[in-house]
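Report on the following structure.
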Amino acid sequence: MKASLSCVSVLLALSGLIGAAPAPSTTATAEDADPTFCIQVVQTGPPIVAPGASNLQLTGSVGSRAILQLAGLTQGWNFSNGGLGSPQWCTGQWLNIVPGPHVWKRLVWGSSQVTTTWKAGFDSDLTAKKTVTYSQTSTFLACDHNYPTFAPEKVVFLLTDSSAALPTVADSTLGDDINVSSCVKTKLHIGSDTSSVTIV
């Protein structure tokens, strides 16, 4: 008898919770979603590839510089509001351009979108639109670290003048850990949309 009474209590408690839940909205969009609540979405999508840098792929995490590795981010891309974020749904990191005095600009991953000047889409090169300080560009600088890495890895910078000479010495933007003699110019190409989504 006690087990039956417990089951009834649990069922009544659950029905109270279900009855108290608000009805789902049929007009809600991803932009309307509460950023503190996100249904877990398992998504795959195309990597962003650097053809001029051995086809390494764009990756990184919040608080780090943008880097190129053998296996990059493939959880879909959010191109909204002139940004580049990952994953597409419940975006947790945004690629931001850090202002600086040199023609190469540091790229960092942040938890919020600061840069709103990316021109991005599937089957195209990532492009930084024209600003008051530089012209539109889709050229990037990829440089090795000046220490050995376990697997191929390059740090990637936005190059705001594609005709500029490659750097010959490290500076405050590049950082002390860059092997400047290894730097190459490249594009960052976003592949065709091959995304698939599974909601769990």
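Every value quoted in this text rests on a predicted model; they were computed, and no experiment measured them.
Checking Trp104 against Asp161 by side-chain atom types alone, no donor-acceptor pair falls below 3.5 Å.
Judged by distance alone, with hydrogens and angles left aside, the side-chain atoms of Lys154 form no donor-acceptor pair with the main-chain N or O of Gln69 at under 3.5 Å. Within the 3.5 Å criterion, the main-chain N or O of Asp144 finds a donor-acceptor partner in the side chain of Ser182. Checking side-chain atoms of Lys185 against main-chain N and O of Ser162 turns up a donor-acceptor pair under 3.5 Å. Under the 3.5 Å distance criterion, the side-chain polar atoms of Asn81 are left unmatched by any main-chain donor or acceptor of Gly83.
By the side-chain contact (heavy atoms from CB on, under 4.5 Å) test, Asp177 is found to be paired with Arg65, His145, Asn146, Tyr147, residues two or more places apart in sequence or in another chain being considered. Applying the side-chain hydrogen bond (donor to acceptor under 3.5 Å, both in side chains) rule to Thr117 yields no partners; only residues at least two apart in sequence or on another chain are considered. Residues passing the side-chain contact (heavy atoms from CB on, under 4.5 Å) test with Asp176: none are found, sequence neighbours excluded. Annotation: side-chain contact (heavy atoms from CB on, under 4.5 Å) contacts of Asn96 (sequence neighbours excluded): Trp94, Val108, Val114, Thr115. With sequence neighbours excluded, the residues that form a side-chain contact (heavy atoms from CB on, under 4.5 Å) with Thr116 are Gln113.
Sorted by first and then second residue, the salt bridge (charged side-chain N to carboxylate O under 4.0 Å, His left out) pairs involving residues 108-132 (not counting sequence neighbours) form an empty list.
The aromatic rings of Trp118 and Phe140 sit parallel to each other, their planes meeting at less than 30°, with 60° as the upper class boundary.
In plain terms, the two heavy atoms of Leu174 and Asp171 that are nearest each other are N-OD1, 2.8 Å.
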